[in-house]
**Q** 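One structure is given below, represented as structure tokens, and several questions about it will come after.
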Amino acid sequence: MADTATKFDKRPALLLTPAFIAITALVVIPMSFILVYSFYENVDLAVDRVAFQFGNWEELLTDGYYHNAIWKTLKISFVVTVLAAVLGYLPAYFIAMTKFRHKWLLLLLLILPFWVSFIIRTLSWIHILGNQGAINGLLQWLGLTDEPIRMMFNEFSVMVGLIHVFLPYMILNIYVSLEGIDENLEPAARTLGATPWQAFKEVTLPLSLPGLAAGSLLVFVLTGGSYVTPLILGGPSDFLFGNLIYDAVVTELNWPMGATLSFTLLVLLGSVVVIYSRFMGLNQLSKAFG
Amino acid sequence: MTKKMDSTKRYEKLREAVGNGDVDRRTFFGLLGSAGITAGLSGGIMTAMAKHARAAGTELHFEGWGGVVSEALRKHAFDPYEAATGNKVIDATFGGENEVLTKVKAAGSTDGHNILHSSGVSWYKRWTDNGYGVVLNEDNIPNMANVMEAIIKPFRDITPDGLSAVPYDYGTTGIAYNTKYVSEEKAKELGANLLLDKELKGKIGGWGGDWANRAWYGALQSGQDPNNIEDWDAVWDKAREHRDLVLKYWGSGAELMDLLAKEEIYVTEAWSGRVAALQEQGHPIAYMDPPNGLAWMESMFVLKGSPMEAAEELLNFMLAPETAIAVADGQNYPSSLDPTKVPMPEGVEKLPAYDPTGKLEGLVFRDPVKWVAVEKDQSKMWNRVQKGG
């Protein structure tokens, strides 16, 4: 009996080993390289010198250009997350609550956009919001406007593009949460005298908060790490921190600075995940994909 | 009776079975192993087929600018070359050579990169300075004899011991404007300052991908010689003035054409060949080269590690008059062939920037020594200015 109690169970370690190796090889080691690279010195375009100096970090910490980009990134990520949460809750609620026999079809429709390239989906907004796009075409055809309304290449179009791409992540997470709620709870609240709105506000909404929070985390982090959407849909002043990394690595061929910026973005977005984990726990995320 | 099941149900049943222990571990791993063997067999067959395909001829990886330029090269150069030799040209596109350099540097090798449609002498210098150049055996490229001496000289000055590229075409980055909204008189009167016309705010574009292009125009707008800039602050002040009027900085020739064709923008600096393509499509877009406008030459640069014999064979094929002229006509950029040696058809003679003398004296190119020397600081500056800095 005592032997059984003290016997070390190797199964969890064995089961975790492949994931541990994969994360170490694909995340920890590359990020360590990036951290090391951030101390190197870029002496000319595409020419770096091995060094241990803090010039890149000093530039990051003292230059308002980078601080502005961080602020802008956090602001856009926050707004996109809030809008995605508001826009995503309704379809998630509908899918979870519908008595439609083929609910799987609705879920399929939700993931259908993933079958089309992310770039194509982003570019499609030019044909919707552009001067000769669908909306302006319709407005002019109806005689509501004489001139095209400018909707493209500004912060609005960037946010539309980001919400479009990341909304399914929000909906799926909220849906998973709503799906897990005992369907008798809302009728029970109604029998106790609650109005439909009160039943939703007091019962369903609080119970779906973990899904809402998990979706918000994903949308926030994914938005914060974006750079292609502002590149395609944004104007000159519409950029995220990721675009500065692209500039440093690809156009300035300054890898040490690019590494510094990359590591900074990792720490920033990692902090958001840590804060979330502290208050909500990460288990809700796994449910959405499980 | 067979019960019909949808995929979700089937998946749920399977998951339930695994969870309940109804599917034992041996069966599970057996299924997994079968899947692995199937994948392995398919992979093996594909590998064998790929080896067989490679054995049929040499593969050359080409990277270029995409759009009408790539289409012209594919149709008039690569397809006939493949048919004639059995070699294969795998072409891809880039937004700029910095993308290729980043990839090559990250990979630590030039595998998968052989020939680049390289822009300008500055990039020729960068590639060779970074040790990615080769020495072409010009005896294997007899059609080089027809190439303008004036276009070869800047490249030979950088690598006197041998070329790593053959000059292939040239053009200008002038100003394109929509004639529905901007008159020819106004365009000519303002010249480079048309890009700073406040009346066109929100309808102006610009190339975001090249700091030197922006700086060249900043120099013209601030009254400086672009090849001898003394006041960089004035240059970037003009770039800021331009930025505040810009709707969008475009990043590729295709995007440039799209923005002009859809009338998102009315005015922008533009590549001459792309504007010619728009004109062929019937768009009311005019083109002008302002005084001291930017001219450039492009080469076919062979990277270190490439199969030299096949690469030289392709370059010679591309420089054959019938091929070079067809490509020039297709991509709307004049060929590097000397028109005093190889008669050009009317279509090529009408192309913007075309020089019938073969001496290129009427065009102003970047001085690579001056521009490369300031690139590290000024390219960084441009990225900031572009983003509101």
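Each chain gets a letter, A, B and so on, in the order the sequences are listed, and its residues count up from 1.
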**Q** I need the single residue from V246(B), L245(B), V385(B), D244(B) that forms a side-chain contact (heavy atoms from CB on, under 4.5 Å) with P236(A). Which is it?
**A** V246(B)
**Q** I'd like to know whether CG of D146(A) has more than 12 heavy-atom contacts from other residues, nucleotides or ligands below 6.0 angstrom.
**A** no
**Q** With no hydrogens and no angle check, just 3.5 Å: does a side-chain donor-acceptor pair link N42(A) and K376(B)?
**A** yes
**Q** Enter the distance from D258(B):CG to H127(A):NE2 here, rounded to the nearest 0.5 Å.
**A** 6.0 Å
**Q** Name the member of K103(B), E263(B), E255(B) that forms the most heavy-atom pairs with chain A at distances under 4.5 Å.
**A** E263(B)
**Q** Begin with the C-alpha distance, continue with both residues' side-chain angles, and end with the deciding distance and a verdict on side chain to side chain contact (heavy atoms under 4.5 Å, CB included) for D247(A) and K387(B).
**A** CA-CA 11 Å; D247(A) 284 348; K387(B) 292 182 173 58; 2.5 Å; yes
**Q** Which one of R384(B), E99(B), Q386(B), K262(B) has the most heavy-atom pairs closer than 4.5 Å to chain A?
**A** R384(B)
**Q** Under a 4.5 Å cut-off applied to non-hydrogen side-chain atoms, are K203(B) and N131(A) in contact?
**A** yes
**Q** Rounded at 0.5 Å granularity, tell me how far OH in Y246(A) sits from CG in N383(B).
**A** 10.0 Å
**Q** Taking E264(B) first and then R150(A), would you say they form a salt bridge - that is, a charged N and a carboxylate O separated by under 4.0 Å?
**A** no
**Q** Can you tell whether the side chains of K105(B) and D48(A) come within less than 4.0 Å, N to carboxylate O?
**A** yes
**Q** Given side chains that start at C-beta, do those of W211(B) and T251(A) come closer than 4.5 Å, heavy atoms only?
**A** no
